[in-house]
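Everything on this sheet refers to the single structure shown next.
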Amino acid sequence: MLRITAYGDRLERDLDLVDWPEPVKLMQRNWVGRSEGAHVTFPVVDSEDTIEVFTTRPDTLFGATYMVLAPEHPLVDAISTPAQAEAVASYRQKAARQSDRDRMIDSKTKTGVFTGGFAINPVNGERIPVWIADYVLMGYGTGAIMAVPGQDTRDWEFAEVFDLPIVRTVQPPADFEGKAYTGQGPAINSGFLDGLHIEDAKTRMIDWLEEHGHRRRAITYKLRDWLFSRQRYWGEPFPILHGPDGTIRAVPEDQLPVELPPMDDFRPSASDDPDAPPTPPLGRAPEDWRFIEMDGVRYERELNTMPQWAGSCWYYLRFIDNTNGSDFVDPALEKYWMGDHGVDLYVGGVEHAVLHLLYARFWHKVLYDLGHVSTPEPFGRLFNQGYIQAFAYRDARGIAVAADDVVDQDGRPAAEVQDKPDRSFFYQGEPVTQEYGKMGKSLKNAVSPDEINERFGCDTLRLYEMYLGPLDASKPWNTRDIVGVNRFIRRVWRVFTGSDEEAADRIRISDAESPEALTRALHKTIAKVTDDLEGMRFNTAIAALIEFVSLLVPLDEVPRSVAEPFVLLLSPLAPHVAEELWSRMGHAESLAYEAWPEADESLLVEDTMPIAVQVNGKLRANIQVPSDASKDAILDQARADENVARHIEGKTMRREIYVPGRIVNFVAN
RNA sequence: GCGAGAGUGGCGGAAUUGGUAGACGCGCUAGAUUUAGGAUCUAGUGUCCGUAAGGACGUGGGGGUUCGAGUCCCCCCUUUCGCACCA
């Protein structure tokens, strides 16, 4: 068990330190589930026992008309009266058979049983009945609640079913027609709190409770401690030894790491006794691995193993220094690579939002507290890429079938016609229904990257994935569209080598000076691609390169001053082709060591610029004006345009708007 | 139910963040080249009216703000994801 709950507070607070998408931060906050409130103690009537509850609304204590314990609560037996014992026992048994999950599923109707016992509401001395019900969870708070039906929807529903008293302690607005009222308002029916608003009433009540010894403010988390142990073979063994007397000791450092023993049989073994716990797979490990003698004592190794998380929680640290045999990471390297904010950019799917990313943060904080890492947070910036989605098909039984083998009514593969209208689909002659979802094993709609690589090469695969759309959006895969980027790659190849053949060794570049228009286009492309890569807009960066290459197509030879920067721009997107061309251009070293091209600002400014002209907000002309023209000159030229003149003729000019470098709008009527 | 996001051509998507909607790609149409297929090159391709010039309409639907709205505000619809009795 790992005490992640001890870090709940910091796991929540330190989200302020990182540059992460807000939805992910929100999910983590909800997962940690910090809530502030108070513990309140209720004495049990005719007993020494007390029931402790957690509440975020101590201000509503006067409205607590009954109490509910979770069925598993340890006081249930003590509180139940003989008359109710049987009903209580049967309810508990029923609840025990249901998993937490099942309980949540049929949470529509409230169920419960009266224990026969009573407790005293400490604030007004009233006797209130104690019930048990499965809507109260043993795992959260204290496993017991004070029920305030007036201000809590669940309590209201329960009170309605079992006809329990309801007292409002917050005045709802006059037009309020609902049941439980959870909004703001002044306290009523609440003795010394009457008239106070919620926040003041809470403070006042907590003060009162503390004064009278009924406990104090408290913070509770939804987050639960982490069972970090699995009965599986594949996982890191715990370096822990069990002595014959039940003592536990760690494996000495010089014997680390503990490696899994080679085994043929991985099955866990079950005993004949149905109540005995099963022995994990390592129970079948050879005796010389299982037992180890130290200081004259024979220890047995821990037989459970660690879950997958054991690796994913710290791999980013080990990657910094993965061959280090003495430390998990060299402190100087850790400092250098982790910098001030941790990993510079972590790209991953949202499916990791609350599990991997929360647990890894926890480990990192433990390492930080022990002085092994220098940043409080592991991942400074997080970026969620979208899912790749694809069409999927189910047969009559609702079972997913291999999308690859689905055809339409004309026998054509589904992949070619899936977005066309009036298609019906078949799998092995049986009709199937089409749906759409995340590409993966469960929908059997995955496309093997190996296959795409085989057919088009990995530069094309890489480009296609980037060209699909914005990195953060989920996008549909469409194998048919891959030819587009493949054509681009081949066109680049042909432009520089003059041939479609891979073996072509000719390189068509010249030392001639580049025409000005081409140079300008190059620098615009440099500026666009640089900016787009910086913002991770790979799709538009590729579009800019495609546009630029179309200018090179008619040339017999590409000027070296254009060819080289172009290949450098291409290199992060299609590294293999770029390296090959770079080498053929006569370079012995990889282009990885070249400086990134820089756009010459002076070449980005044109002599003339296009200006759109609107009349009353409707586009009527496009005019070309000198870039340094004055507003008046531009307005004159705009008015002179034939089509514009036609639309303003005979009207009174009300306004003339000019947005520099963009648009002219004449408002006339 | 609660929370977060997304709706733009036949399809994937662009749009310097309030300033020419549809860049780029797929698909489709026509032409050139080719023995043919394929590949390549050129031109076209939101809808409607028009021979054309040009015009009307157009970013899920309805209202609004503005000289100007895919972009801002209000209401609604559809859809994807996450959480789900958390006291």
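Small disclaimer: the values here were computed from a predicted structure and weren't measured. Letters A, B, ... mirror the listed sequences (proteins, then strands); counts begin at 1.
Rounding to whole angstrom units, OH of residue A:Y221 and P of B:A87 are separated by 13 Å. Rounded to whole Å, atom P of B:U20 lies 17 Å from atom CZ of A:F666. Between the CD1 atom of A:I657 and the C1' atom of B:U20 there is a distance of 15 Å, given to the nearest Å. Here B:A14 presents its P atom at 14 Å from CD1 of A:I546, a figure rounded to the nearest Å. Rounding to whole angstrom units, CZ of residue A:F488 and P of B:C24 are separated by 14 Å. The CG atom of A:L357 sits 15 Å away from the P atom of B:G82 (whole-angstrom rounding). Between A:F158 atom CZ and B:A87 atom P the separation is 19 Å, expressed in whole Å. Rounded to a whole Å, the CG atom of A:D155 is 14 Å from the P atom of B:C85.
Base-pair partner of B:G38: not found among the strands shown (Watson-Crick or G-U wobble, both distances under 3.5 Å). With both pairing distances under 3.5 Å, B:G7 is matched to B:C77 as a Watson-Crick or G-U wobble pair. Pairing of B:C57, defined by two Watson-Crick or G-U wobble distances under 3.5 Å, is identified with B:G46. Nucleotide B:U33: unpaired (no Watson-Crick or G-U wobble partner with both distances less than 3.5 Å). Checking B:G12 for Watson-Crick or G-U wobble geometry (two distances, each under 3.5 Å) identifies B:C24 as its partner. The partner of B:G19 is B:C67, by the rule that a Watson-Crick or G-U pair needs both atom distances under 3.5 Å. Base pairing of B:C2: its partner is B:G82, meeting the Watson-Crick or G-U wobble criterion (both donor-acceptor distances under 3.5 Å). The partner of B:A52 is absent, by the rule that a Watson-Crick or G-U pair needs both atom distances under 3.5 Å.
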Could you pull out the protein-nucleic contacts involving nucleotides 40-42 of chain B (nitrogen or oxygen on both sides, under 3.5 Å)?
{"unit_1": "B:U40", "atom_1": "O3'", "unit_2": "A:R494", "atom_2": "NH1", "d": "3.2"}
{"unit_1": "B:C41", "atom_1": "OP1", "unit_2": "A:R491", "atom_2": "NE", "d": "3.0"}
{"unit_1": "B:C41", "atom_1": "OP1", "unit_2": "A:R491", "atom_2": "NH2", "d": "3.0"}

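Closest contact between the side chain of A:D481 and the listed nucleotides B:C26, B:A21, B:G13 involves B:C26. Nearest nucleotide to the A:P476 side chain, out of B:A87, B:G12, B:G3: B:G12. Relative to the side chain of A:Y467, the nucleotides B:G27, B:C24, B:G19 differ in distance, and B:C24 lies closest.
Using C1' as the reference atom, B:C28 and B:G12 are 16 Å apart when rounded to the nearest Å. For B:G1 and B:C76, the P atoms lie 14 Å apart once the distance is rounded to whole Å. A gap of 33 Å separates the P atoms of B:U47 and B:A36, to the nearest Å. Remark: the separation of the P atoms in B:C26 and B:A39 is 12 Å, to the nearest Å. When the P atom is used for both B:A6 and B:C74, the distance is 15 Å, rounded to whole Å. As rounded to the nearest Å, B:U45 and B:C24 have P atoms that lie 12 Å from one another. To the nearest whole angstrom, the two P atoms, one in B:A14 and one in B:G22, are 15 Å apart. For the P atoms, the distance linking B:G7 with B:G61 amounts to 13 Å, nearest Å.
Remark: A:D632 engages no residue in a side-chain hydrogen bond (donor to acceptor under 3.5 Å, both in side chains) (not counting sequence neighbours). Under the ring pair (Phe, Tyr, Trp, His ring centres under 6.0 Å) criterion, A:H523 pairs with no residue, sequence neighbours left out. By the ring pair (Phe, Tyr, Trp, His ring centres under 6.0 Å) test, A:H73 pairs with no residue at all, sequence neighbours left out. Applying the side-chain contact (heavy atoms from CB on, under 4.5 Å) rule to A:T608 yields the partners A:Q624; only residues at least two apart in sequence or on another chain are considered.
A:E606 and A:K524 are joined by a salt bridge, as a carboxylate oxygen and a charged side-chain nitrogen come within less than 4.0 angstrom of each other. Ion pairing of A:E199 with A:K202 is present here, as a side-chain N (NZ or NE/NH1/NH2) and a carboxylate O approach within less than 4.0 Å. Between A:D531 and A:R537 there is a salt bridge, with a side-chain nitrogen of the basic residue lying less than 4.0 Å from a carboxylate oxygen of the acidic one. A salt bridge links A:D636 with A:R639; the closest basic N to acidic carboxylate O contact falls under 4.0 Å. Ion pairing of A:E36 with A:R34 is present here, as a side-chain N (NZ or NE/NH1/NH2) and a carboxylate O approach within less than 4.0 Å. A salt bridge does not link A:E557 with A:R508: every distance from a Lys NZ or Arg NE/NH1/NH2 to an Asp or Glu carboxylate oxygen is 4.0 Å or more. With respect to the salt-bridge test (charged N to carboxylate O, under 4.0 angstrom), the residues A:K110 and A:E160 do not qualify. Salt bridge absent: A:D481 and A:K475 never bring a charged side-chain N and a carboxylate O closer than 4.0 Å.
Syn is the conformation of B:U17, whose glycosidic angle sits no further than 90° from 0. Anti is the glycosidic conformation of B:G61, whose angle departs from 0 by more than 90°.
Residue A:N539 has no polar side-chain atom (N or O) positioned under 4.0 Å from OP1 or OP2 of B:G12. The side chain of A:S35 contributes an N or O atom lying less than 4.0 Å from OP1 or OP2 of B:A87. Look at A:Y140 and you'll find a side-chain N or O under 4.0 angstrom from OP1 or OP2 of B:A87.
With hydrogens and angles ignored, no donor-acceptor pair under 3.5 angstrom links the side chain of A:Y387 to the base of B:C81. Between the side chain of A:N665 and the base of B:C67 there is at least one donor-acceptor pair of N/O atoms closer than 3.5 Å.
Separation of atoms CG (A:D152) and NZ (A:K179) is listed at 14.0 Å; rounding is to 0.5 Å.
Residue contacts for A:E656: at a heavy-atom cut-off of 4.0 Å it reaches no nucleic acid atom on any strand shown. Using a 4.0 Å heavy-atom cutoff across all strands shown, A:L468 reaches sugar-phosphate atoms only and no base atom.
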Reading 5' to 3' through nucleotides 52-60 of chain B, protein heavy-atom contacts under 4.0 Å coded B for base, S for sugar-phosphate only, - for none
--SSSS---

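Taking the nucleotide of RNA chain B with the nearest heavy atom to each of A:A612 and A:K475, the more 5' of the two is matched to A:K475. Nucleotides of RNA chain B nearest to A:S474 and A:V483 differ in position, and the one nearer the 5' end is that of A:S474.
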